[in-house]
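A short write-up of the structure that comes next.
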Amino acid sequence: MKDCSIIIPTLNEEENISEMLDVLSGMYPDSEIIVADDGSSDSTQDIVISHSNRNVVLLDRSKEDVKGL
């Protein structure tokens, strides 16, 4: 899956996001994973940042006027 981006919208997903990123990175190692976070109040963003040494990018939407999908 080269040249493919996976976009994951999140809000307070600290219990799930690490495993999700591990699984997706393993299944699609050549893909870019973009986590679009709407301003989580838990440690979701910190967890995503800890995975950013791979193919994972955090899109911090916490200051955007429009939230959600």
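Hydrophobic clustering (ILVMFWY, side-chain heavy atoms < 4.5 Å, transitive): I17 and L24 are in one cluster. No single ILVMFWY cluster, assembled from side-chain heavy atoms under 4.5 Å apart, contains both Y28 and I34.
When all heavy atoms of G39 and S62 are compared, the pair lying nearest together is CA-CB, 3.5 Å. When all heavy atoms are compared, the tightest approach of R61 to D38 is NE-OD1, 2.8 Å. The two residues P9 and I7 come nearest to each other via the heavy atoms CD-O, 3.7 Å.
Using a distance-only test at 3.5 Å, with no hydrogens or angles considered, a donor-acceptor pair links the side chain of N55 to the main chain of S31. Using modelled atom types, one side-chain atom of T44 and one backbone atom of E14 make a donor-acceptor pair closer than 3.5 Å.
Here the straight-line distance linking atom CD1 of I49 with atom CG of L58 works out to 5.5 Å at 0.5 Å rounding. Atoms SG and CG, from C4 and D30 in turn, are 10.0 Å apart once rounded to the nearest 0.5 Å. Taken from CD1 in I6 to CD1 in I33, the straight-line distance is 5.0 Å, to the nearest 0.5 Å. Atoms CD and CG, on E64 and L59 in that order, are 7.5 Å from each other to the nearest 0.5 Å. Distance check, rounded to the nearest 0.5 Å: CD of E15 to OG of S43 gives 9.5 Å. Note that CD1 of I8 and CG of L21 are 5.0 Å apart. Values are rounded to the nearest 0.5 Å.
Taking N16 as the reference, E13 meet the side chain to side chain donor-acceptor pair (under 3.5 Å) condition, with sequence neighbours excluded.
Side-chain contact, S25 with D22: no donor N or O sits under 3.5 Å from an acceptor N or O.
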Do V48 and D37 pass the side chain to side chain contact (heavy atoms under 4.5 Å, CB included) test, and can you show the C-alpha distance, the side-chain angles, and the key distance before you say yes or no?
CA-CA 10 Å; V48 173; D37 187 76; over 6 Å; no
